[in-house]
Amino acid sequence: MKKGLSILLVLCTLMCMLLTGCGNSSVNLNDYVVITDEGYDGYGKLSVKLDYEKLIEDHEDKLTDKNIDSSIFGVKTPKLAAAFVFEAQKPYELSYEDSDTLKNGDKVEFTWETNANAIETLKGILEVNIKYDKFTHTVKDLEALTEFDPFENIDYNCGGLFGRQPWLFRCAH
C-alpha cells in the first residue's frame, strides 16, 4: 500500500511538472531591453536595443545544435546561429511611437512585433520559452535646457565713410 502511494505521488509530481512546464526555462524579453534617453528636455529621443547577445550568453547552456542546418545559416555553432536569427531574421522587434520632441515625464508605450517563422527557427536552437509583454517607459534622463547668449562677450563697433570711400571701413571688437 505504501509503495503504491509513493508511486502515485511521484507520478502526480511528474504530471504537474509536465502540465505546468516546470523544468523548462523561460526568458522574459523585457529584461533584455536597453532604453537610453538622449538629448535635452523637450528635444529628446530614445535609443532602444534588444540585447540579444546577453540573452544568448545568459542561456548558453540551453543552446542546441540538433536543428542547425549549416547550409541555411552558413554557421555551425548554436551561439552563432542564434545570433544570426536575432540579427537577420528579427523574431522579436519592438514597436513604439518614435519622436524627437520627448520631455522628462513623457510615457512611451512599447509593443512587440513577432515573426513566426523566425521564432520557430529560434526555438530549434535556443530551448527556452520566450515571453514578452507590452510595457511603458517613462522618460527621465534628459538634460535640462540652459539659455545662453552667444554674443554676450562680443563688443563689435563699426564706423567709416560709406558714401565717398567705401574701402575706408573700420571695425573694432
| request: Would you sort out whether Lys134 and Glu109 count as a side chain to side chain contact (heavy atoms under 4.5 Å, CB included), showing the intermediate values? | output: CA-CA 7 Å; Lys134 180 174 22 173; Glu109 187 173 283; 3.4 Å; yes
[X] versus [Y]: any side-chain heavy-atom pair under 4.5 Å?
X: Thr114; Y: Tyr92; answer: yes
X: Leu94; Y: Leu50; answer: no
X: Val139; Y: Val108; answer: yes
X: Ile35; Y: Phe135; answer: yes
X: Lys79; Y: Leu63; answer: yes
X: Tyr40; Y: Thr146; answer: no
X: Val85; Y: Leu126; answer: no
X: Asp37; Y: Leu46; answer: yes

Rounded to the nearest 0.5 Å, what's the gap from [atom1] on [X] to [atom2] on [Y]? Could you check?
X: Tyr132; Y: Glu93; atom1: OH; atom2: CD; value: 13.0 Å
X: Thr111; Y: Tyr96; atom1: OG1; atom2: OH; value: 11.5 Å
X: Asp106; Y: Glu97; atom1: CG; atom2: CD; value: 10.5 Å
X: Glu127; Y: Leu122; atom1: CD; atom2: CG; value: 11.0 Å
X: Leu80; Y: Glu87; atom1: CG; atom2: CD; value: 11.0 Å

| task | If the plane angle is over 60° it's perpendicular, under 30° parallel, otherwise tilted; pick one for Tyr52 and Phe86. | result |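 It falls in the parallel class, under 30°.
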| request: Describe, in one word, how the ring planes of His137 and Phe110 are oriented to each other, choosing from parallel (under 30°), tilted (30 to 60°) and perpendicular (over 60°). | output: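 Perpendicular, since the angle between the ring planes exceeds 60°.
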| Is atom NZ of Lys62 surrounded by more than 12 heavy atoms (other residues, nucleotides or ligands) closer than 6.0 Å? |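 More than 12 heavy atoms, drawn from other residues, nucleotides or ligands, come within 6.0 Å of this atom.
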Tell me if a side-chain donor or acceptor on [X] pairs with a main-chain N or O of [Y] at a distance below 3.5 Å.
X: Asp41; Y: Asn104; answer: yes
X: Asp51; Y: Val34; answer: no
X: Asp58; Y: Leu55; answer: no

What are the two closest heavy atoms between [X] and [Y], and how far apart are they?
X: Ile125; Y: Ala81; result: CD1-CB, 3.8 Å
X: Asn115; Y: Gln89; result: ND2-O, 3.2 Å
X: Lys90; Y: Ala118; result: C-CB, 4.4 Å
X: Gly124; Y: Thr64; result: O-CG2, 3.1 Å

| said: Hydrophobic clustering (ILVMFWY, side-chain heavy atoms < 4.5 Å, transitive) - are Ile119 and Tyr32 grouped together? | reply: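 They do share one cluster, since a chain of ILVMFWY contacts under 4.5 Å joins Tyr32 to Ile119.
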